[in-house]
Amino acid sequence: MEPAGRVLIPGRVALAAFVGHFACALAVSLRHPGLVYEPDRVANWLYFHALRTGAPRLADFWYFPAPKVTAVVLLGPLADGPLEGVVVAAVAGLLGAALAWLAARSFGAAAGVGTALLVPLDPLWTILVATASADLLVAAGVAGAVAAWVAERPRLAGVALLLATAVKAPAAAAALPLVLTPGTSLRARAWPVIGAAAGFVATLGGYVLLLGSTQAPFGFLAAYTEMRGTAPPPLVGWLARWAATDLFGEMLRWSWPLALVGLGATLVARDAWPMRLWSAAALAVGAAFVALAVATDTLLFARFLWAIELCVVAWCAIGAAVVGRVSARRLLAGRGLAQSHEERGALVAPAATALLLLVAAISLWRGAGGSSEHYAVLFEAGARTALPWLERAAPDVRPAQRVLVPLWFQPAAMWLLRDADVAAAEVEVARPREQGGAADWLLLAPAYYETRAAAAWSTEATRAGYDVVATSTLPRMALLRRSGASTSQDPVADARP
């Protein structure tokens with residue numbers, strides 16, 4: 001049996017991390033209300049609505065976010081209410097608690113506290129929390145599975161892997177490091193395998209139920225590439241840029257030496273097997289996403305590799321703890337301030353990491369989130385402007401009228417205009433419908449279109465003849481109604497900002 005302190009202290013660190021991360025995540029949700037209409041988030045509502053009402057399948061759309069079963073079941077019923085932010089905050093809290101607990105079990109309370117403090121400073125953390133991203137759910141499920149496995153709760157580890165894999169299938173790869181843990185019984189090893197397999201089956205079942213095919217999601221991925229009119233970048237080059245830009249450029253900056261120290265300590269320290277297990281699981285999931293991108297010849301996004309970034313953040317805190325503890329002990333011992341190893345450890349435990357954690361925090365603090373942060377900021381600005389227009393105009397949009405909006409706003413527009421024929425303007429340019437015809441309503445937003453669509457729909461608006469319903473200069477947007485399109489009443493006065 002392990003000493004009580006070895007379990008009790010990490011448990012307290014984990015509890016504090018959960019409370020702190022929950023509060024921070026809830027504050028993020030309140031600070032970014034426009035991101036409640038982020039496409040993947042609204043897709044969860046639409047898929048759940050389709051399950052509940054038997055509405056037409058969303059597979060009819062050429063491009064639409066693929067369903068994530070866990071997210072649909074967990075967040076779909078909440079439909080932009082206040083409880084959705086609470087649930088997402090709880091998931092963020094569980095992720096922070098699991099990571100802090102694993103670090104504390106491996107390197108002590110200082111490393112656990114440092115990890116808990118640094119995780120919310122990761123450039124992607126705020127974005128993924130604010131958008132209730134599926135990748136947040138994947139990371140929480142995988143980290144929870146590893147923590148449960150270390151705590152000798154194999155059944156709980158299996159449940160966590162089931163939930164993570166039912167979000168995105170590559171999460172199943174996290175089962176491999178668990179089942180390869182030496183000295184584990186065959187019965188215990190069966191639970192992660194069962195959980196991952198059940199999650200994979202749930203994912204395929206969700207595709208069949210909601211899309212009618214297990215191949216449809218791969219069509220979505222290919223469609224996005226076709227719509228942008230560009231092929232995916234070479235994978236090796238993309239990974240090199242991701243490491244140079246996201247890790248050593250935007251995220252780590254000056255603290256990368258600490259991450260290297262933490263990685264070395266994780267690999268060699270005798271009691272660091274919980275962190276080694278988490279690192280192996282995160283790398284396995286990242287490798288599975290890369291393999292999927294290769295197999296389907298599609299785009300790879302930085303958020304898919306977020307679990308690896310979380311490893312780097314933890315290594316940074318661990319490196320700070322290790323270097324700080326060693327330096328402080330030598331300093332105190334050299335000055336005769338502490339005689340025994342235990343006394344020196346007790347003196348430096350609260351403060352050993354403070355200075356180096358400050359360096360790491362400066363390095364990570366509000367690091368540029370690259371394209372992800374740019375996307376979120378731009379989307380929220382547009383959502384706060386355009387979606388209230390669509391909501392006010394909803395009573396005047398007749399059933400089956402064609403409404404063209406930027407791809408980013410298609411799910412939200414479908415949610416607000418339930419009976420309308422809502423299409424993504426970029427998709428209409430890339431693969432026009434046979435029936436064609438001018439749109440009855442057009443959300444003209446040049447900054448939000450992908451590639452060819454901006455010029456195409458600006459020309460369409462000029463040529464087809466539209467009445468202005470609402471306009472905005474920052475961001476530059478306009479809601480237009482085709483001249484002569486029938487409505488029950490004139491929404492111009494109400495919708496103009």
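Values below: every heavy atom of this structure, side chains too, minus hydrogens, waters and symmetry copies.
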4.5 Å side-chain heavy-atom contact, Pro67 and Leu211: yes
Approximate separation, where rounding is to 0.5 Å, of Trp441 CH2 and Leu390 CG: 9.0 Å
Under 3.5 Å: donor-acceptor pair, side chain of Ser106, backbone of Met275: yes
Spatial distance of atom CG (Asn44) from atom CG (Leu74) [nearest 0.5 Å]: 9.0 Å
From CG (Leu128) to CG (Asp122), nearest 0.5 Å: 8.0 Å
Close side-chain approach of Val69 and Val167, heavy atoms under 4.5 Å: no
Those residues that, when tested against Pro33, pass side chain to side chain contact (heavy atoms under 4.5 Å, CB included) (two or more places apart): Glu380, Arg384
Validation row: Thr131, Asp40 side chains within 4.5 angstrom (heavy atoms): no
Close side-chain approach of Val73 and Phe48, heavy atoms under 4.5 Å: no
Those residues that, when tested against Arg418, pass salt bridge (charged side-chain N to carboxylate O under 4.0 Å, His left out) (two or more places apart): none
Gap between atom NZ of Lys68 and atom CG of Leu75 - 0.5 Å precision: 12.0 Å
Main-chain N/O of Gly382 paired with Tyr448 side-chain donor or acceptor, under 3.5 Å: yes
Check: Phe409 ring centre within less than 6.0 Å of Phe379 ring centre: yes
List the atom pairs, with distances to 0.1 Å, where a side-chain N or O of residues 82-97 and a protein N or O form a donor-acceptor pair under 3.5 Å, not counting sequence neighbours.
{"from": "Glu84", "atom 1": "OE2", "to": "Arg41", "atom 2": "NE", "distance (Å)": "3.2"}
{"from": "Glu84", "atom 1": "OE2", "to": "Trp45", "atom 2": "NE1", "distance (Å)": "3.4"}

Output a table of donor-acceptor pairs, distance under 3.5 Å, between side-chain atoms of residues 288-295 and any protein atom two or more places apart or on a different chain; print 'none' if there are none.
none

From Arg303 atom CZ to Leu300 atom CG, the distance as rounded to the nearest 0.5 Å: 10.0 Å
Full working for side chain to side chain contact (heavy atoms under 4.5 Å, CB included) between Leu124 and Glu309: CA-CA 9 Å; Leu124 275 178; Glu309 290 194 22; 3.8 Å; yes
Non-neighbouring partners of Ala109 that pass side chain to side chain contact (heavy atoms under 4.5 Å, CB included), sequence neighbours left out: Ile9, Val13
Residue pair Val42 / Pro411: nearest heavy atoms and the distance that separates them: CG1-O, 3.4 Å
Residue pairs fulfilling side chain to side chain donor-acceptor pair (under 3.5 Å) with at least one residue in residues 163-175, sequence neighbours excluded: Asp135-Lys168
Working for side chain to side chain contact (heavy atoms under 4.5 Å, CB included), residues Val403 and Leu417: CA-CA 9 Å; Val403 181; Leu417 310 174; 4.1 Å; yes
Sub-4.5 Å side-chain heavy-atom contact between Ile308 and Trp242: yes
Nearest heavy atoms of Leu378 and Ala447, plus distance in Å: CD2-O, 3.8 Å
4.5 Å side-chain heavy-atom contact, His21 and Val119: yes
Residues that Trp315 engages under side-chain hydrogen bond (donor to acceptor under 3.5 Å, both in side chains), provided they are two or more places apart: Ser279
Heavy-atom side-chain contact between Glu426 and Pro406 under 4.5 Å: yes
Heavy-atom closest pair, residues Ala307 and Trp278: O-CZ2, 3.8 Å
Residues which pass side-chain hydrogen bond (donor to acceptor under 3.5 Å, both in side chains) with Trp149, listed by chain and number, not counting sequence neighbours: Thr181
With Trp125 via side-chain hydrogen bond (donor to acceptor under 3.5 Å, both in side chains) - residues at least two apart: none
Non-hydrogen atoms of Ala317 and Ala111 that approach each other most closely: CB-O, 4.0 Å
Ring geometry between Phe22 and Phe18 (parallel below 30°, tilted from 30 to 60°, perpendicular above 60°): parallel
Ser472 side-chain N/O to Pro475 backbone N/O, donor-acceptor pair under 3.5 Å: yes
Listed partners of Ala174 passing side chain to side chain contact (heavy atoms under 4.5 Å, CB included), at least two apart: Val142, Leu161, Ala281, Val285
Nearest non-hydrogen partners of Ala160 and Gly144, listed with the distance: CB-C, 4.1 Å
Side-chain (Arg189) to main-chain (Val179) donor-acceptor, under 3.5 angstrom: yes
Check: Ile127 and Ser133 side chains under 4.5 Å, non-hydrogen atoms: no
Partners passing side chain to side chain contact (heavy atoms under 4.5 Å, CB included) against Val150 (at least two apart in sequence or in another chain): Trp101, Leu102, Arg105, Val146, Trp273, Pro274, Leu277
Evaluation steps, side chain to side chain contact (heavy atoms under 4.5 Å, CB included), between Leu137 and Leu163: CA-CA 8 Å; Leu137 301 179; Leu163 295 174; over 6 Å; no
Stepwise side chain to side chain contact (heavy atoms under 4.5 Å, CB included) test for Leu443 and Trp389: CA-CA 10 Å; Leu443 181 57; Trp389 296 349; 4.2 Å; yes
Leu416 side, atom CG; Arg392 side, atom CZ - distance, nearest 0.5 Å: 12.0 Å
Glu38: side-chain hydrogen bond (donor to acceptor under 3.5 Å, both in side chains) partners, not counting sequence neighbours: Tyr375
Nearest atoms (heavy-atom pairs only) where Pro120 meets Ala116: CD-O, 3.1 Å
